[in-house]
Structures are given as C-alpha cells and as structure tokens.
Amino acid sequence: MTDTTAAPASASDLTTPALALTIAGSEATGGAGAQADLRTFQELGAFGMIALTCIVSFDPKNNWNHRFVPVEASVIADQLEAILTDYAGALKTTKLGMMGSPATIETVATALKTQEWENVVLDPVLICKGQEPGHALDTDEALKAQLLPLATFTTPNHFEAEQLSGISISSLEDLKEAARRIHDASGVTVLAKGGIRLEGPDAVDVFYDGTTLEVLSSPKVGEHAVSGAGCSLAAAVTAELAKGATELDAAHRAKEFVTAGIRQRVAGQTPFDVLWQGGLRA
C-alpha cells in the first residue's frame, strides 16, 4: 500500500506574511486608531504590530467628546525598541497615526531614524479634540517639522489637506491643487481625501506622486462621514505597500477596502457610525 501521509513542511516551504507596524493611539470602542489599523492589516494579509502613543476614550457623559491620555515617551521608546530589534532587517513599512504631543513625535522620529524604511505612511492627525488649542498647535507644528520629512506617503483628510497646502478646498480642482502643493513642499506621495465633504454624487480622493495625478472616485455611501475611515485608508495603503504593491495600486486597493467597510458600517450609541474592516468579505 502506498503511504499517502504528507511529509512535514520544511523551513523552505513555509511562507511569511508581510510585516507592517502602526504607531498610533488606542480608541477604546474599536472604531479607529490601533484597533482599526490591526484589523485592516489582518484583513489584507499583513502581520501587524503596534506601538501605542496614547489612549482615547469617548465620554458618554459629555456628548461623547474625547478623553485623551498620552503614553509616556519612555514607554513608547521601549515599545519601538522591542519591535525594531525583534524584526531588524525585515520590517520595512510603518504607518504613523495619532501622536498627540511634541514629546511623542520626537520619540517616534528618533526611533524611525535608527533604520532604513521602504515605506512610511503618515496619516497626519493634526487635531486631537481632547487637547488644549495651544498644545494642539505645538503638536501640529512638530508633526510637520519632524515626521512629514520622514514620510514617503501621506493621506491627509479635507481639513488636513487645507492645513498642509495652505489653500481652501471646496472643489475637486482645489483638491488636486492641494495634493500638488503638499507633494511639492514635502516630496512625498499624496492621497488627499475629499471623501463625502465635497459636493457631488461621488466620494473623491486625489493621488499625486509628482508624475501621476489620478482621481479615485466611488459613489457616496450615506450622508455622513464614518469614524475609522481615515485610519483604515492609511492602514490599507500600508498593508498593500508592505506586500509589494505600487503606491498607485495601494491607493486603489485602499479606496476599495474603505468603501466596502463604509457600506458595512457599525452603529452604537455614539452620534456617528464606524467602519467595519471586514467589508470586502461581506
């Protein structure tokens, strides 16, 4: 009788998933931040890890406003030391989400400079609603001065694109010009998100890498923005880049991923719905 028992796999037969790191905050209800990032990585076939920068929890007793607690800079540095040492030489792609303070930004920038990166995707969270205005402004300036120069790709939303480009955005042509200006000033590839905020039947985003300018468009889903869309878009770009996709292909896949997730939105008691990262499976 022929033995049909399969031989155990050798090390050379095994495959390793792409690695992706997110440096971001925790959002306790699961709609955004690290929770959304890690689910996105998993859905798109990347192995994810997280260095937490802050903890955000909505306050149901105060109109669901943000409660913001920063993680100590030394704890952030310890997390990054462990991750970068463990995956030295293999981890080449990271996403930067909410930082929350100049001290956090300096810590993260210092850690990033200890190795070479192929992809640094910056989701430029310029305003944290749980901070005092002066502190938020300091954080914004530190992000633009210390993290944007390290990025290879950035995904500003409507407000962030206005801040980074210095122009008001009320049309698709404005969004295109903003993407051009952000790229020209920073050298990074830009996916500027118009989303639901620009008039018209479609949610539009603009990709610009200095050579190719392309509008990514899909029919709007619902009449209101959903929480987690921005985090998930940047995380999807990150996962696709980690797997070896081109920047434009990563942008297209991320747009598809987020649109599907918005269709499968999750409702709770907050005044906004959240995106489900499993939308492509539904």
Here the pair of heavy atoms bringing Ala36 nearest to Gly31 is CB-O, 4.0 Å
Any sub-3.5 Å donor-acceptor pair from Glu240's side-chain atoms to Ala245's backbone N or O?
no
Using the rule side chain to side chain contact (heavy atoms under 4.5 Å, CB included), only one of Leu91, Ile23, Thr22 pairs with Met49; which is it?
Leu91
Would a distance-only check, ignoring hydrogens and angles, find a side-chain to backbone donor-acceptor pair under 3.5 Å from Asp174 to Ser171?
yes
Is there a donor-acceptor contact under 3.5 Å linking the side chains of Thr139 and Glu141?
no
Is the closest basic N to carboxylate O distance between Glu116 and Lys92 below 4.0 Å?
no
Leu84 and Leu150: same hydrophobic cluster, using ILVMFWY side-chain contacts below 4.5 Å?
yes
Under 3.5 Å, is there a donor-acceptor pair linking the side chains of Thr107 and Thr104?
no
Decide yes or no on salt bridge (Lys or Arg N to Asp or Glu O under 4.0 Å) for Lys255 and Asp205, but give the supporting numbers first.
CA-CA 9 Å; Lys255 176 77 169 178; Asp205 306 320; 3.0 Å; yes
Between Ala260 and Leu280, the two heavy atoms sitting closest are CB-CD2, 3.6 Å
Spell out, yes or no, whether Tyr208 and Val204 are grouped together once hydrophobic residues are joined by side-chain heavy atoms under 4.5 Å, including indirect joins.
yes
In the single-linkage hydrophobic clustering (I, L, V, M, F, W, Y; side-chain heavy atoms under 4.5 Å), do Ile196 and Val266 co-cluster?
no
Could you state the interatomic distance from OG (Ser165) to CD1 (Ile182), rounded to the nearest 0.5 Å?
5.0 Å
Nearest heavy atoms of Val206 and Ala179, plus distance in Å
CG1-CB, 3.9 Å
Any non-hydrogen side-chain atom of Leu213 less than 4.5 Å from a side-chain atom of Lys176?
yes
State yes or no: do Leu233 and Ile262 share one hydrophobic cluster built from I, L, V, M, F, W and Y residues joined by side-chain heavy-atom distances below 4.5 Å, directly or via other members?
yes
Mind checking the CG-OG1 spacing from Asn119 to Thr94? Nearest 0.5 Å is all I need.
10.0 Å
Among the clusters formed by ILVMFWY side chains lying less than 4.5 Å apart, do Tyr87 and Leu21 turn up in the same one?
yes
Under the side-chain hydrogen bond (donor to acceptor under 3.5 Å, both in side chains) rule, what do Gln35 and Ser26 come out as? Steps first, then yes or no, please.
CA-CA 7 Å; Gln35 289 86 338; Ser26 167; 3.0 Å; yes
Scan side-chain atoms only and decide if Ser217 and Asp202 contain a donor-acceptor pair under the 3.5 Å cut-off.
yes
Spatial distance of atom OG1 (Thr155) from atom CG (Leu191) [nearest 0.5 Å]
7.0 Å
So do Pro156 and Val190 actually touch side chain to side chain, heavy atoms under 4.5 Å?
yes
Can you tell me how far apart CD (Gln264) and OG1 (Thr259) are? Round to the nearest 0.5 Å.
12.5 Å
Does any non-hydrogen side-chain atom of Leu52 lie less than 4.5 Å from one of Gln79?
yes
Spell out, as yes or no, whether a donor-acceptor pair under 3.5 Å connects the side chain of Thr93 to the backbone of Ala20.
no
To the nearest 0.5 angstrom, please state how far the CD atom of Gln277 sits from the OG1 atom of Thr40.
4.5 Å
Can you check whether Ala82's main-chain N or O pairs, donor with acceptor, with Thr85's side chain at less than 3.5 Å?
no
With a 4.5 Å cut-off on side-chain heavy atoms, are Met98 and Asp123 touching?
no
Check Ala254 against Val237 and note the closest heavy-atom contact, atom names and distance.
CB-CG2, 3.6 Å
Gln146/Glu106 under side-chain contact (heavy atoms from CB on, under 4.5 Å): CA gap, chis, key distance, verdict:
CA-CA 7 Å; Gln146 297 186 59; Glu106 181 177 358; 3.8 Å; yes
A quick test of your reading: do over 12 heavy atoms of other residues, nucleotides or ligands sit less than 6.0 Å from CD of Glu177?
yes
Within the supplied structure, the quantity of interest is the number of heavy atoms (other residues, nucleotides, ligands) at a distance under 6.0 Å from Gln115 CD; does it exceed 12?
yes
So which heavy atom on Ile169 is nearest to which on Ala178, and how close?
CD1-CB, 3.6 Å
Inter-residue atom distance Cys54.SG - Arg67.CZ, 0.5 Å rounding:
14.5 Å
For the ring pair Phe272 and His224, is the centre-to-centre distance below 6.0 Å?
no
Could you tell me whether a side-chain N or O of Arg39 sits under 3.5 Å from a main-chain N or O of Ser232, the two making a donor and an acceptor?
no
If you compare all heavy atoms of Phe41 against all heavy atoms of Ala239, which two are closest, and at what distance to 0.1 Å?
CD2-CB, 4.0 Å
For Phe153 and Val188: C-alpha separation, side-chain torsions, deciding distance, then whether side-chain contact (heavy atoms from CB on, under 4.5 Å) applies.
CA-CA 5 Å; Phe153 197 116; Val188 306; 6.0 Å; no
Glu247 pairs by side-chain hydrogen bond (donor to acceptor under 3.5 Å, both in side chains) with which of Thr212, Thr152, Thr189?
Thr189
Exam field: side chain Glu72 to backbone Ser74, donor-acceptor pair closer than 3.5 Å:
no
For Pro124, run the side chain to side chain contact (heavy atoms under 4.5 Å, CB included) check against Leu96, Leu143, Asn157 and tell me which one passes.
Leu143
Flag the pair Met99 / Val125 as yes when at least one side-chain heavy-atom distance between them is below 4.5 Å, and no otherwise.
no
If you count heavy atoms of other groups shown closer than 6.0 angstrom to CD of Gln163, is the number above 12?
yes
Are Leu198 and Leu175 close enough that some pair of their side-chain heavy atoms sits under 4.5 Å apart?
yes
For a 4.5 angstrom cut-off between non-hydrogen side-chain atoms, does Leu44 reach Arg253?
yes
Go through Phe58 and Glu27 one step at a time and tell me if the side-chain contact (heavy atoms from CB on, under 4.5 Å) criterion holds.
CA-CA 8 Å; Phe58 299 123; Glu27 194 280 276; 3.4 Å; yes
Intermediate values then yes/no, side-chain contact (heavy atoms from CB on, under 4.5 Å), Val121 and Thr154:
CA-CA 6 Å; Val121 179; Thr154 189; over 6 Å; no
Quick one: does Trp64's side chain get under 4.5 Å of Asp59's, heavy atoms only?
no
